[in-house]
Peer 1: 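Submitted below is the structure of interest, expressed as C-alpha cells.
Both backbone and side-chain heavy atoms feed into the values below; hydrogens, waters and symmetry mates do not. When a ligand or atom number is given, it counts from 1 through the structure's own listing order.
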Amino acid sequence: MKTPKYKAPPPFEMPDRQWPSRTLAVSPSWCSVDLRDGNQALPNPMDPDQKLEYFQMLCRIGFKEIEAGFPSASQDDFDFFRCLIEENHIPDDVFIMGLTQCRSHLIDRTFEAFKGVKKGIVHAYIATSELHMKQVFGTDQKGTMKAAVEATRRIRALADTMPESDIRYEFSPEEFTDTDMPFCLELCKAVYDAWGRATPEKPLILNLPATVERRPPNHYADMIEWFIRHFPHRDSVKISLHAHNDQGMAVAATELALMAGGDRVEGTLFGHGERTGNVDLVTVANNLFSRGIETGLNFSSLSEIAATVERLTGMPVYYRQPYAGEYAFTAFSGSHQDAINKGMHRLSEAGKIFGMKWKVPYLHVDPADLGRNFEKLIRINSQSGKGGIAWVLEQDYGIQVPKAMQPELREEVQLYSEAVGREISSEEVHTVFREKFVNPAGPFKLIGYWPRPDDKDPTFIHGEVRIDVSGVEKTAVADGNGPISAFVHAVRSIVGIDFSVADYHEQAVGKGADAQAMAYVPLKLEGNGIVFGVGSDSNIDQAAVRAVIAGLNRIAGKKQK
Ligand code: KIV
Ligand code: ZN
C-alpha cells in the first residue's frame, strides 16, 4: 500500500473516560508565558523596558506565576532576571519562572540568574516524542530518561544551596501529545523521585504540553486523564496544561483537559507565541468567568490591556478576538440589534426568569465587566435593522424615534450607508436624522405661526401662518379645535398638498432649562401612505408645527424624485 502523506493520530483507547461528564466548577491556577514563549515568537522581541512594563501589567492582572524568560539562552534574558530581582520588581506573592534545557551548563547559568530570588520556578524541558528523539537529537528513550534525571538531580542540588529562596521545579516532556504515554509516565515518575522535594504544599509541576497541536482536543483530554490516573503521587504534583493553537483549538483543548483533571494553565494574553501561538488566557479565563467561576484574574480594563499589549509587541489584537476584539460586542445585523435592544430593556426581568442577572441576546457577558462600552454595541451599516438604528439614537442622543417612523428612518440610513459604501458611526446616523427629518431641504420655510385662543372658547384656536414658499412669502388664517389643527388647515390652503395629521408623538430631550420638545408628526397623504417630519423647539406646539413643515418638505422632495 502507498504510504499516505498524512494520517489521523490514533485515538486513545479509554472506554471508561470520565472527563466528558464532568463540569468545570473551580478555576485552575494560571502561569503567563508571555515573556518567554510569547516574546520569543515576536517579529521584534521586546526590549528590557518593554518587558518590565509587560511584567508589571501581568502582576496587576493577578498572575502569580510568570515565566520571565530563558535566562541561559541570552544575555538579555539573564539581565532581565537580574533586574527583576535586584530592583525589587517582583511582588512577594509572585513566582518568576525561568526555562532551561536539561543540560548542566544551562542549568548552572539559570541558577545564577535566580540568585536572591524570593520565589522562583526552575522549568526544565526535554523532548520526549519519537520524532524529536530520533530525527532531531539522535537519541532514544533511555538517553532521554538519563538526561532528564541527571538534570533534575542537578537542579535539586542547586536548589538546596538556596535555602532562603522558595525554589520550585517544573518539568515538561516536550511534545507530550506525540509521546508514547507509558514512557512519558515512567519518565515523569523518575523525575519526581530525582527531585525528591515534592509535597502537597510545594508540589512538583508536571507541565504536559501540546507543543504542536497535532490532535483534536478530546485526545488531549484523554491523555491528561490517563496520565493522572496512572501517576502515583497525585497530591504532590500540579498537572499543568500548555496548549498551542496550530489547529485553532487550543482553548477547547485546554478546557477539555481541565475537565480531565488539569490544575494549572500556561498560556499568553491574546494567544501570542510560537507559530499560531499559545492558548489565549484572556479567552480561557473569561470563559470561566462568564460561567460564574472566580478566576483570580482581573480583566476589568481589557481594552487598556489590549492596547498595552499591542503597543509593546507591535502585534494587533484581531477584530474578532473573543472579549478583546473591536467587534466582540457589536452587532451588525438588524435582527441582532433589535434583540439586544429588547434584551437590554428587559434586563431587570432576567433574574426572575433565568435565575441570573445577565442574560441578553447575542451578548453572553456584560461588556461593562471588561471595561467595555455599551454605546459602541451597535454599529450601523447598510444591513442594519430599524431597531438597531433607533437604539443608537436613543443611547447616544436621547432621541426616541416612534416605532411607526423607524422603517422610514431605516430607509434613509440605508441610502446614506450605501452611498458612502461603508459602516457608519452613530454621529452619522444622527446627521441623517437631522438632515432628512428635522431640517430636510425643500420649498417651505416657516416664518411664523401665531395661534390665538378664541375669546369665548379657549380650546378653539384662530391661527395665522406665514410661510416662505420658494422665496415668496405667503400668509393664511384658519381655525381649528387645537393649535395643530388650526395650523394644518391654514397650511393646506398655502402649500397645495392634501394631507392630514395622524396621531403624533412628543418627547422632551434634555433636562431643565435646556430641555427641548421634540415632535414626531406623521402626515397622511390621500392614497400615498405616511411621511414623518420631526420638529424641535422649546415650545411643544412650535415643535409640532415645525415637524409639519419638515414633513411637507420631505413630501415635496419625494415628489421631485
Ligand atoms: O510548547 C512547548 O512544548 C514548550 C515547552 C518548553 C514547555 O513551550
Ligand atoms: Zn510552548
Side-chain angles (χ1 to χ4, degrees), residues 9 28-42 45 63 65-74 77 95-103 106-107 110 121-133 135-137 144 147-148 151-152 155 168-181 183-184 187-188 191 204-215 217 219-220 223-224 227 237-251 253-254 257 262-281 284 313:
S29 62
W30 309 98
C31 174
S32 151
V33 297
D34 292 75
L35 299 175
R36 192 272 302 175
D37 228 348
N39 195 42
Q40 78 190 15
L42 293 176
F63 286 98
E65 297 180 9
I66 299 172
E67 193 167 45
F70 197 153
S72 62
S74 77
D77 273 17
F95 281 85
I96 57 163
M97 183 160 94
L99 185 72
T100 176
Q101 290 174 351
C102 289
R103 296 165 70 186
L106 301 181
I107 293 169
T110 307
I121 303 171
V122 177
H123 176 190
Y125 76 100
I126 196 162
T128 52
S129 67
E130 283 300 304
L131 175 67
H132 266 81
M133 289 190 298
Q135 311 283 72
V136 183
F137 298 112
T144 300
T152 303
I155 290 167
R168 309 282 175 94
Y169 182 36
E170 169 168 332
F171 175 73
S172 293
E174 193 188 13
E175 281 260 37
F176 166 79
T177 48
D178 199 32
T179 297
D180 173 64
M181 280 296 107
F183 165 61
C184 191
L187 179 72
C188 290
V191 163
L204 166 69
I205 301 166
L206 286 176
N207 183 51
L208 307 177
T211 305
V212 180
E213 193 174 38
R214 298 178 185 278
R215 293 170 169 277
H219 287 200
Y220 191 36
M223 294 170 112
I224 295 292
F227 187 93
V237 290
K238 249 190 184 190
I239 299 298
S240 173
L241 310 172
H242 180 117
H244 280 265
N245 199 35
D246 298 77
Q247 297 194 19
M249 297 188 281
V251 169
T254 301
D263 306 306
R264 173 183 187 268
V265 175
E266 287 190 357
T268 57
L269 301 181
F270 313 117
H272 285 298
E274 283 290 1
R275 306 176 306 281
T276 52
N278 292 69
V279 71
D280 171 17
L281 293 183
V284 179
T313 62

Peer 1: Heavy-atom contacts with S172 under 4.0 Å: which atoms of ligand 1 show up? List them by number with element.
Peer 2: 7 (C)

Peer 1: Counting N and O atoms only, with roles assigned by atom type, does the side chain of T211 sit under 3.5 Å from a partner on the main chain of E175, one being a donor and the other an acceptor?
Peer 2: yes

Peer 1: So, D37 and the Zn ion (ligand 2): N/O/S under 2.8 Å, yes or no?
Peer 2: yes

Peer 1: Looking only at protein heavy atoms, which one is nearest to atom 3 (O) of ligand 1, and what is the separation?
Peer 2: T211 OG1, 2.6 Å

Peer 1: So for ligand 1, is Y125 a polar contact partner (N or O within less than 3.5 Å, distance only)?
Peer 2: no

Peer 1: Please answer whether the main-chain N or O of G98 pairs with a side-chain N or O of H123 as donor and acceptor at a distance below 3.5 Å.
Peer 2: no

Peer 1: How close do L241 and T254 get, heavy atom to heavy atom, and via which atoms?
Peer 2: CD1-O, 3.7 Å

Peer 1: Record the part of N207 in heavy-atom contact with ligand 1 below 4.0 Å; permitted values are side chain, backbone, both and neither.
Peer 2: side chain

Peer 1: Tell me, which protein residue and heavy-atom name are nearest atom 4 (C) of ligand 1, and how many Å apart are they?
Peer 2: H242 NE2, 3.5 Å

Peer 1: With no hydrogens and no angle check, do the side chains of D178 and H132 hold a donor and an acceptor under 3.5 Å apart?
Peer 2: no

Peer 1: Walk me through whether R168 and E170 qualify under salt bridge (charged side-chain N to carboxylate O under 4.0 Å, His left out).
Peer 2: CA-CA 7 Å; R168 309 282 175 94; E170 169 168 332; over 6 Å; no

Peer 1: Does the side chain of L35 come within less than 4.5 Å of E67's, by heavy atoms?
Peer 2: no

Peer 1: Backbone N or O of E213 within a donor-acceptor pair of the D246 side chain at under 3.5 Å?
Peer 2: yes

Peer 1: May I ask you to check whether S172 and N207 show a side-chain donor-acceptor distance below 3.5 Å?
Peer 2: yes

Peer 1: What part of H244, side chain from CB on, backbone N/CA/C/O, both or neither, has a heavy atom under 4.0 Å from ligand 1?
Peer 2: side chain

Peer 1: Is R36 near ligand 1, meaning one of its heavy atoms is under 4.0 Å from it?
Peer 2: yes

Peer 1: With atoms numbered from 1 as shown, which atoms in ligand 1 lie under 4.0 angstrom from a non-hydrogen atom of E174?
Peer 2: 3 (O)

Peer 1: Within the structure, does D37 bring an N/O atom to less than 3.5 angstrom of an N/O atom in ligand 1?
Peer 2: yes

Peer 1: Using a strict cut-off of 4.0 Å, indicate which atoms of ligand 1 neighbour a heavy atom of P209.
Peer 2: 2 (C), 3 (O)

Peer 1: Can you name the N, O or S atom of H242 that is closest to the Zn ion (ligand 2)?
Peer 2: NE2

